[in-house]
Amino acid sequence: VAIPKYIDYAANAKASACKGILGGVRSAIANFYANSAVSGTPVFPTLLQLQTVGTVVTEAVPANPYLTGATAATIAAATWAATPPVSGTNGWNYDATAGRFWANSNSVSENLY
């Protein structure tokens, strides 16, 4: 009885962490866009700007909780399709043309958050 409950807690913790990271980064991207619009030219941050601490986000983007290893915190350029594409081993994908940021894994469909 204890093992299945633990597994549920672990899965819920990963999902919550992923949703929290996605929400924080997406909020930072929206703020960047809004600030640039006020300045006269609305643009989403580039991948380099998103990766540069202090430009869009105040701290480095945490690792994708569904992945392990050095690439779990990596953000890669990608293009959003009808559904979020999952490719490579990096932890996150970012479409700078539309400001879309999503998880790069397909465990329990967390990339749809």
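Scanning all heavy atoms of the two residues, the minimum distance from Leu22 to Ala103 falls at CD2-N, 3.8 Å. Across all non-hydrogen atoms, the minimal contact from Trp102 to Thr79 is CH2-C, 4.1 Å.
By the side-chain contact (heavy atoms from CB on, under 4.5 Å) test, Ala73 pairs with Ala63, sequence neighbours left out.
The closest side-chain heavy-atom distance from Ile21 to Val61 is below 4.5 Å. Within the 4.5 Å cutoff, side-chain heavy atoms of Leu50 are placed close to those of Ile29.
Without hydrogens or angle criteria, Ser16 side chain to Asn12 main chain gives a donor-acceptor distance under 3.5 Å. Of the possible polar contacts, one joining the Asn64 side chain to the Gly91 backbone as a donor-acceptor pair under 3.5 Å is found. For the pair Thr52 (side chain) and Leu48 (backbone), a donor-acceptor distance under 3.5 Å is present. Counting only distance, with no hydrogens or angles, the side chain of Asn104 and the backbone of Asn93 share no donor-acceptor pair below 3.5 Å.
In this structure, Trp92 and Phe101 have parallel ring planes: the angle between them is below the 30° cut-off, well short of the 60° mark.
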Scan the side chains in residues 39-47 for donor-acceptor partners under 3.5 Å anywhere in the protein, sequence neighbours excluded, and list what turns up.
unit_1	atom_1	unit_2	atom_2	d
Ser39	OG	Asn35	O	3.1
Thr46	OG1	Gln49	N	3.0
Thr46	OG1	Gln49	OE1	3.4

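Taking hydrophobic clusters as Ile, Leu, Val, Met, Phe, Trp and Tyr residues chained together by side-chain heavy-atom distances below 4.5 Å, Ile75 does not share a cluster with Leu67.
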